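Beneath this line is the structure, given in structure tokens, with notes to follow.
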Amino acid sequence: MTTEQQLGTIEKVSIRQVWPTEDGHFTPWLGENLDKLGAELGRDLEVAETEAEVGPFKLDVRARDTSTDGQVVIENQFGQTDHTHLGQLLTYAGGFDAQAVVWIAESFRDEHRQALDFLNLRTGENTQFFGVEIELWRIGKSDPAPHFKLVAFPNEWRNQTATATGATAGVSPRGKRYQSFFQALIDMLRERHRFTNARRAGTRSWSSFSTGLAGIGYGASFAQGKRARVDIYIDNGDKDWNKRFFDDLEEAKTDIEARFGEPLSWERLDDKRASRIAIYSDGSIDDDDESLETTRQWMVDRLLKFREVFGPRLNELAN
């Protein structure tokens with residue numbers, strides 16, 4: 001005898017039931033929930049500002065891709081896409097030298113989806129254009145759940161972790177070595193530990209990851225003096241705020257290090273705007289492959305430990 005499983009009914013909900021207006025309700029919500037959009041785009045996104053001015057226009061959200069430090073411009077639109085917003089989107093892309101351009105709407109006209117496809121074909125990987133439809137769904141009497149549906153994206157976006165010939169054109173051999181190292185690190189963190197949404201590494205000596213709080217990030221890098229470093233980097237643009245936040249964390253130094261299980265380097269950096277809490281190990285990008293694998297695993301373990309120990313405390317202080 002089998003027991004019949006009760007199944008719910010999926011129902012589409014009008015977005016205006018949750019966000020009555022685009023500028024007053026949806027944009028502020030998006031600014032606080034960029035991780036949901038980032039998960040769909042394969043990027044770790046951090047808000048830089050909302051209602052960012054570009055001449056007489058205002059961009060809804062200007063964000064930063066923490067893994068590449070690239071600018072991401074996001075324009076929202078209730079209803080169906082129109083030519084006005086397409087023109088504004090291109091204005092914002094030029095005004096902020098955007099690495100990624102995201103247009104969010106309830107529905108896309110075919111001609112606007114084709115326009116984004118055309119731009120992706122012509123701009124290559126330097127600037128990527130995404131069309132995203134926002135939907136709300138409910139199962140039975142559950143709360144409405146947002147769903148971002150990609151309707152336009154670069155051809156190579158689905159396979160971003162593969163290193164294409166054009167992706168490393170003009171990059172130095174050392175830059176390619178950094179990219180290879182951090183690509184494997186990012187893939188491990190995303191696929192095994194759900195630590196990041198990022199899919200592509202840069203060619204620099206570091207990679208940073210979102211903590212979910214603007215101006216505070218986790219980082220993995222090769223520091224000067226042939227040392228590998230994992231850290232929390234505090235810089236929201238305000239030196240006084242950064243120092244106060246660092247000081248509040250340092251007051252709990254004894255408890256934090258006991259939970260972490262290792263001593264940490266508390267770097268207030270009084271001559272700089274930012275502050276850092278770090279841990280170091282021997283390691284250089286010039287090491288052999290076996291040593292680099294050891295360093296990569298060391299970085300993964302410490303990043304996970306940083307999230308475990310600092311995550312709840314960061315949220316508490318930020319609130």
Side-chain angles (χ1 to χ4, degrees), residues 33-36 38-46 64-69 160-161 178-202 204-223 227-235 245-246 248-250 252-267 274-285 287 289-319:
N33 293 272
L34 270 185
D35 58 319
K36 294 179 173 59
E40 190 64 27
L41 300 179
R43 296 172 181 266
D44 273 343
L45 300 180
E46 178 182 277
R64 183 177 74 93
D65 185 330
T66 61
S67 63
T68 64
D69 205 32
Q160 280 189 334
T161 57
Y178 281 131
Q179 187 177 49
S180 176
F181 176 88
F182 284 111
Q183 186 64 63
L185 176 77
I186 286 172
D187 292 344
M188 189 183 304
L189 287 169
R190 185 186 66 256
E191 295 169 4
R192 299 184 189 177
H193 305 290
R194 297 184 179 180
F195 188 90
T196 180
N197 293 320
R199 290 180 176 274
R200 170 162 291 179
R204 290 167 287 197
S205 63
W206 53 267
S207 190
S208 61
F209 306 95
S210 174
T211 63
L213 300 172
I216 305 172
Y218 300 118
S221 62
F222 288 99
R227 293 192 299 171
R229 177 174 65 204
V230 170
D231 62 23
I232 288 179
Y233 198 70
I234 304 168
D235 184 12
F245 200 93
F246 176 89
D248 286 342
L249 286 171
E250 193 174 28
K253 174 180 177 179
T254 301
D255 180 59
I256 288 173
E257 291 189 342
R259 292 174 180 271
F260 197 88
E262 297 176 87
L264 300 172
S265 178
W266 297 78
E267 302 170 14
S275 293
R276 177 193 296 122
I277 304 167
I279 188 169
Y280 294 86
S281 175
D282 292 338
S284 167
I285 195 63
D287 290 341
D289 290 346
E290 183 178 352
S291 297
L292 284 174
E293 180 57 36
T294 299
T295 297
R296 185 160 38 238
Q297 188 59 57
W298 177 86
M299 287 180 171
V300 168
D301 292 342
R302 270 60 185 182
L303 283 167
L304 295 175
K305 197 66 178 178
F306 264 103
R307 182 175 65 175
E308 176 188 342
V309 173
F310 280 93
R313 198 177 294 268
L314 293 177
N315 287 313
E316 182 180 344
L317 283 178
N319 291 329

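Note that the structure is a prediction, hence the values are computed from the model and not measured. Side-chain atoms are counted along with the backbone in the values below, which use heavy atoms only and exclude waters and symmetry mates.
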List for me each residue that meets side chain to side chain contact (heavy atoms under 4.5 Å, CB included) alongside Asp287, sequence neighbours excluded, and say none if there are none. Ser284, Ser291, Leu292

Heavy atoms only: give me the nearest Ile186-Phe209 pair and the separation to one decimal. CG1-CE2, 4.0 Å

Rounding to 0.5 Å, atoms NZ (Lys253) and CG (Leu264) come to a distance of 8.5 Å

Quick one: CZ on Arg43 to CG on Asp35, what's the gap to the nearest 0.5 Å? 15.5 Å

So the salt bridge (charged side-chain N to carboxylate O under 4.0 Å, His left out) pairs with at least one residue in residues 208-220 (sequence neighbours excluded) are none

Please evaluate residues Trp266 and Leu249 with respect to the criterion side chain to side chain contact (heavy atoms under 4.5 Å, CB included), reporting the C-alpha separation (whole Å), side-chain torsions for both, the decisive distance (0.1 Å), and the verdict. CA-CA 10 Å; Trp266 297 78; Leu249 286 171; 4.2 Å; yes

Could you pull out all residues at least two apart from Thr294 that satisfy side chain to side chain contact (heavy atoms under 4.5 Å, CB included)? none

So, does Ser210 use its side chain to make a donor-acceptor pair with the main chain of Glu46 at under 3.5 Å? no

Would you sort out whether Ile232 and Tyr218 count as a side chain to side chain contact (heavy atoms under 4.5 Å, CB included), showing the intermediate values? CA-CA 5 Å; Ile232 288 179; Tyr218 300 118; 3.7 Å; yes

Gln183 side-chain N/O to Arg199 backbone N/O, donor-acceptor pair under 3.5 Å: yes

Sequence neighbours excluded, the answer for side chain to side chain donor-acceptor pair (under 3.5 Å) partners of Ser67 is Asp65

Can you name the nearest heavy-atom pair linking Ser221 to Met299, along with the distance? O-CE, 3.3 Å

With side chains defined as the heavy atoms from C-beta onward, is the minimum distance between Arg64 and Asp69 less than 4.5 Å? yes

Nearest 0.5 angstrom please: Asp187 CG to Phe182 CZ, how far? 13.0 Å

For residues 303-316, which side-chain donor-acceptor pairs fall under 3.5 Å, sequence neighbours excluded?
{"residue": "Arg313", "atom": "NH2", "partner": "Asp255", "partner atom": "OD2", "Å": "2.8"}
{"residue": "Asn315", "atom": "ND2", "partner": "Gly311", "partner atom": "O", "Å": "3.2"}

Among all residues two or more places apart in sequence or in another chain, which pass the side chain to side chain contact (heavy atoms under 4.5 Å, CB included) test with Ala223? Arg229, Tyr280

Basic-acidic side-chain contact under 4.0 Å: Arg296, Glu293: yes

How many angstroms lie between atom CZ of Arg194 and atom CG of Leu189, to the nearest 0.5 angstrom? 14.0 Å

Residues in side chain to side chain donor-acceptor pair (under 3.5 Å) with Thr196, at least two apart? Asp44

What is the distance from atom CG of Asp231 to atom CD1 of Ile277, rounded to the nearest 0.5 Å? 9.5 Å

Ring pair (Phe, Tyr, Trp, His ring centres under 6.0 Å) with Phe245: which residues, sequence neighbours excluded? Trp241

Listed partners of Glu257 passing salt bridge (Lys or Arg N to Asp or Glu O under 4.0 Å), at least two apart: none

Is the closest side-chain heavy-atom distance between Phe260 and Arg302 below 4.5 Å? yes

Distance-minimising heavy-atom pair for Leu41 and Leu45: CD1-CD1, 4.4 Å

What's the separation between atom CD in Gln179 and atom OG in Ser207, rounded to the nearest 0.5 Å? 11.0 Å

For Ser208, all residues meeting side chain to side chain donor-acceptor pair (under 3.5 Å), sequence neighbours excluded: none

Considering residues at least two apart in sequence or located in another chain, which fulfil the side chain to side chain contact (heavy atoms under 4.5 Å, CB included) criterion with Ser205? Tyr178

Identify the two heavy atoms, one from Asp235 and one from Ala274, that lie closest to each other, and give their separation to 0.1 Å. CB-CB, 3.6 Å

Partners of Asp282 by side chain to side chain donor-acceptor pair (under 3.5 Å), sequence neighbours excluded? none

On a heavy-atom basis, which atom in Ala220 and which in Leu185 lie closest, and how many Å separate them? CB-CD2, 4.0 Å

Do you know which two heavy atoms are closest between Phe222 and Thr295, and how far apart they sit? CE2-CG2, 4.1 Å

